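I have placed the structure first, in the form of structure tokens, so that the comments after it can refer back to it.
Hydrogens, waters and symmetry mates play no part in the numbers below; they use all other heavy atoms, side chains included. Since the model is a prediction, treat every value here as computed from it, not as a measurement.
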Amino acid sequence: MFGVPGKQAVSITPRAAQQILKLMKREGHEGLRIGVKKGGCAGMEYTMDYVDQVDAMDEMVEQDGARVMIAPMAQMFLFGTEIDYETSLLESGFRFNNPNVVEACGCGESIKFAEG
């Protein structure tokens with residue numbers, strides 16, 4: 001929808017692809033849908049949900065068998081984002097390296113996009 005011909009809307013690191021594939025296989029899901037919603041101290045938050053049925057309006061990105069669907073209303077906010085999966089001593093989870101973010105809260109859970 002907001003894509004550039006020949007370029008995927010988001011990129012998925014090998015670590016993230018491996019984790020997404022593991023989640024898909026666990027209960028037979030078609031993939032993960034990512035989006036954004038209002039909330040958090042900076043104004044917006046990322047969302048992730050299992051997908052059991054692909055919506056025709058979703059932008060689908062597939063890498064190494066891992067599928068990510070981007071909700072239509074989130075596509076303009078997520079274009080160019082790299083999805084990674086990090087593990088540390090205290091936590092593990094998906095990380096979004098998003099060039100569209102102009103501000104993030106201290107905990108990293110909430111983001112703000114440029115006005116306009």
Side-chain angles (χ1 to χ4, degrees):
M1 186 172 205
F2 288 95
V4 173
K7 182 174 179 171
Q8 291 190 10
V10 299
S11 62
I12 306 168
T13 67
R15 288 185 305 239
Q18 183 180 15
Q19 184 65 22
I20 292 167
L21 194 56
K22 184 189 308 182
L23 293 171
M24 288 171 55
K25 288 182 177 181
R26 183 179 296 161
E27 295 183 33
H29 299 293
E30 290 293 315
L32 293 177
R33 180 174 290 115
I34 60 173
V36 293
K37 68 176 184 174
K38 290 186 181 220
C41 52
M44 301 285 277
E45 296 175 320
Y46 293 110
T47 62
M48 292 188 87
D49 297 298
Y50 291 113
V51 174
D52 292 320
Q53 184 173 0
V54 178
D55 186 316
M57 298 301 290
D58 285 346
E59 177 77 23
M60 184 174 358
V61 175
E62 190 168 358
Q63 181 177 316
D64 302 326
R67 280 187 227 92
V68 170
M69 286 60 134
I70 306 169
M73 296 303 289
Q75 291 173 12
M76 67 181 184
F77 296 110
L78 296 174
F79 187 77
T81 298
E82 176 192 65
I83 302 170
D84 195 10
Y85 189 81
E86 296 177 353
T87 302
S88 71
L89 290 173
L90 297 176
E91 63 183 358
S92 62
F94 290 100
R95 300 286 181 255
F96 296 87
N97 300 314
N98 187 337
N100 306 304
V101 170
V102 296
E103 186 179 319
C105 68
C107 67
E109 297 293 320
S110 181
I111 52 177
K112 182 178 179 180
F113 298 100
E115 302 290 325

Side chain proximity check, [X] to [Y], heavy atoms < 4.5 angstrom:
{"X": "Y46", "Y": "V36", "result": "yes"}
{"X": "F96", "Y": "I83", "result": "yes"}
{"X": "E59", "Y": "V10", "result": "no"}

Residues that E91 engages under salt bridge (Lys or Arg N to Asp or Glu O under 4.0 Å), provided they are two or more places apart
R95
Hey, could you give me the [atom1]/[atom2] distance between [X] and [Y], rounded to the nearest 0.5 Å?
{"X": "F94", "Y": "I34", "atom1": "CZ", "atom2": "CD1", "value": "10.0 Å"}
{"X": "D49", "Y": "L32", "atom1": "CG", "atom2": "CG", "value": "8.5 Å"}
{"X": "T13", "Y": "Q18", "atom1": "OG1", "atom2": "CD", "value": "9.5 Å"}
{"X": "Q19", "Y": "E86", "atom1": "CD", "atom2": "CD", "value": "12.5 Å"}

Any pair with a residue in residues 9-20 that passes salt bridge (charged side-chain N to carboxylate O under 4.0 Å, His left out), sequence neighbours left out, goes on the list, sorted by first then second residue, please.
R15-D84
All side chain to side chain contact (heavy atoms under 4.5 Å, CB included) counterparts of S11, not counting sequence neighbours
E82
Let me check something: any side-chain donor-acceptor pairs from residues 62-74 under 3.5 Å, sequence neighbours excluded? List them with distances.
{"from": "Q63", "atom 1": "NE2", "to": "I12", "atom 2": "O", "distance (Å)": "2.7"}
{"from": "R67", "atom 1": "NH1", "to": "E30", "atom 2": "O", "distance (Å)": "2.5"}

I'd like to know if the side chain of D55 and the backbone of M57 have a donor-acceptor N/O pair within less than 3.5 Å.
yes
Quick check against the 3.5 Å criterion: does T47 have a side-chain atom that pairs as donor or acceptor with the backbone of G35?
yes
Pairs flagged by ring-ring contact (aromatic ring centres under 6.0 Å, His included) wherever residues 9-30 is involved - sequence neighbours left out:
H29-Y50
When you group the ILVMFWY residues by side-chain heavy-atom contacts below 4.5 Å and let the links chain together, are M48 and L23 in the same group?
yes
Whichever hydrophobic residues join L90 through chains of side-chain contacts under 4.5 Å
none
Closest approach of Y85 to S92 (non-hydrogen atoms, all atoms of both residues)
OH-OG, 3.4 Å
